[in-house]
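Each residue takes its place number in the sequence, starting with 1.
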Amino acid sequence: AFSVQPRRCRCRAHPADLARALHNAALFYRALAELAPDRPTRAARLQQATDAITEAIRIRRDLALPADLASSLNNAAAFYSALAELAPDQATRAARLQQATDAIPDAVRLQRDLALPADLATPLNTAAAFYHALPDLAPDPTTRAARLPQATPALHVSRRPRTPRPHSTAHPHPNTH
C-alpha cells in the first residue's frame, strides 16, 4: 500500500513540487476515505489526508504561493469537517469543526488579495457551512445564538454571481508558444 510520510520526505531542489505532490496525495487519501468499508478505516484515511495537506500548507506558506496555499487551506478545512463527522463525541466534533473554521480566514484573505471573485466563493461557502454547524455543538443557548450569525455574511458573499477569471493576452491558446 502506498503511504506518504510528509514529515520524513524532504525535497530541497523542488519544494513546490513536493507541496503539489502532498496536496494531491491528500486528495487521494480523501477519496480512499470515501470508499472505506468502516468508520475506523475512513478516519485513518482522513487523518492521512490531513497530515499530508498540513505539510503542503507549511511548504506553500514558506514559499509564498498564495493561490496554492488558499486551495490547500480550503481542502484542509474540508478534511477537518469530514473528521468531525466521524468524531466519537460532541467535544471532539466541535474541536474538529473549529479547526475547519480556523483554516478558512486565511483562504478567504488570500483569495481576496488575488482578486479572483470566483475563487473567493469557495472558501466563503465552506465557511458558511462550518459556521452553520457550530451552533448545534454549542454548550448553551447563548453561545448557540452568538455563533449562528457568523454564517450569514459568508453565505451571502459566496452566492454572488461568479465573474470569469481574467485571461492572459500573452498566449491566447495555452498550448501555443
Side-chain angles (χ1 to χ4, degrees), residues 1-11 15-62 65 67-108 110-111 119-141 143-148 150-152 154-155 158-159:
F2 175 76
S3 178
V4 173
Q5 299 296 324
R7 301 209 192 289
R8 294 182 190 165
C9 183
R10 296 287 186 247
C11 179
D17 291 338
L18 174 59
R20 185 177 18 264
L22 287 164
H23 183 100
N24 290 338
L27 297 176
F28 288 123
Y29 281 129
R30 169 64 189 253
L32 288 172
E34 292 172 4
L35 299 172
D38 54 53
R39 289 175 69 92
T41 305
R42 187 173 309 145
R45 292 289 186 232
L46 284 170
Q47 188 59 57
Q48 288 174 307
T50 303
D51 292 345
I53 204 75
T54 299
E55 184 69 5
I57 288 168
R58 186 195 62 74
I59 294 168
R60 288 175 166 179
R61 197 179 301 275
D62 289 349
L65 300 170
D68 294 339
L69 178 57
S71 176
S72 290
L73 287 165
N74 197 63
N75 281 321
F79 300 157
Y80 282 124
S81 175
L83 280 169
E85 293 174 17
L86 300 173
D89 56 65
Q90 189 168 344
T92 305
R93 183 167 185 245
R96 289 295 191 177
L97 281 175
Q98 189 60 55
Q99 287 175 306
T101 56
D102 289 347
I104 293 298
D106 279 347
V108 169
L110 290 165
Q111 293 296 2
D119 290 340
L120 178 59
T122 300
L124 286 172
N125 192 46
T126 302
F130 298 153
Y131 286 136
H132 189 282
L134 282 174
D136 293 337
L137 299 172
D140 58 74
T143 306
R144 222 172 278 129
R147 287 182 177 173
L148 195 54
Q150 291 176 305
T152 306
L155 187 58
S158 73
R159 293 206 173 156

Reported [atom1]-to-[atom2] distance for the pair [X] and [Y], which is rounded to 0.5 angstrom:
| X | Y | atom1 | atom2 | value |
| --- | --- | --- | --- | --- |
| Arg42 | Arg39 | CZ | CZ | 7.0 Å |
| Arg30 | Leu32 | CZ | CG | 11.5 Å |
| Leu27 | Ile53 | CG | CD1 | 6.0 Å |
| Arg60 | Leu110 | CZ | CG | 12.0 Å |
| Leu86 | Arg93 | CG | CZ | 10.5 Å |
| Thr54 | Tyr80 | OG1 | OH | 4.0 Å |

For this session: Test Leu73 against Arg61 for side chain to side chain contact (heavy atoms under 4.5 Å, CB included), laying out the working first.
Result: CA-CA 10 Å; Leu73 287 165; Arg61 197 179 301 275; 3.8 Å; yes
Exercise. With no hydrogens and no angle check, do the side chains of Thr50 and Gln47 hold a donor and an acceptor under 3.5 Å apart?
Worked result: no
For this session: Quick one: do Asp106 and Leu69 satisfy side chain to side chain contact (heavy atoms under 4.5 Å, CB included)? Show the steps, please.
Result: CA-CA 9 Å; Asp106 279 347; Leu69 178 57; over 6 Å; no
Exercise. Stepwise, does the side chain to side chain contact (heavy atoms under 4.5 Å, CB included) test hold for Ile104 with Asn74?
Worked result: CA-CA 6 Å; Ile104 293 298; Asn74 197 63; 3.7 Å; yes
Exercise. When you measure from the side chain of Asn75 to the backbone N and O of Ser71, does any donor-acceptor pair fall under 3.5 Å?
Worked result: yes
Exercise. Of the non-hydrogen atoms in Ala84 and Leu97, which two are nearest, and what is the gap between them?
Worked result: CB-CG, 3.8 Å
For this session: Mind listing the closest non-hydrogen atom pair of Ala103 and Ala77 along with its distance?
Result: CB-CB, 4.1 Å
Problem set entry | Flag side-chain contact, heavy atom, 4.5 Å: His23 against Ile59 | no
For this session: Would you please test Gln48 and Arg45 for side-chain hydrogen bond (donor to acceptor under 3.5 Å, both in side chains) and show each step?
Result: CA-CA 5 Å; Gln48 288 174 307; Arg45 292 289 186 232; 2.8 Å; yes
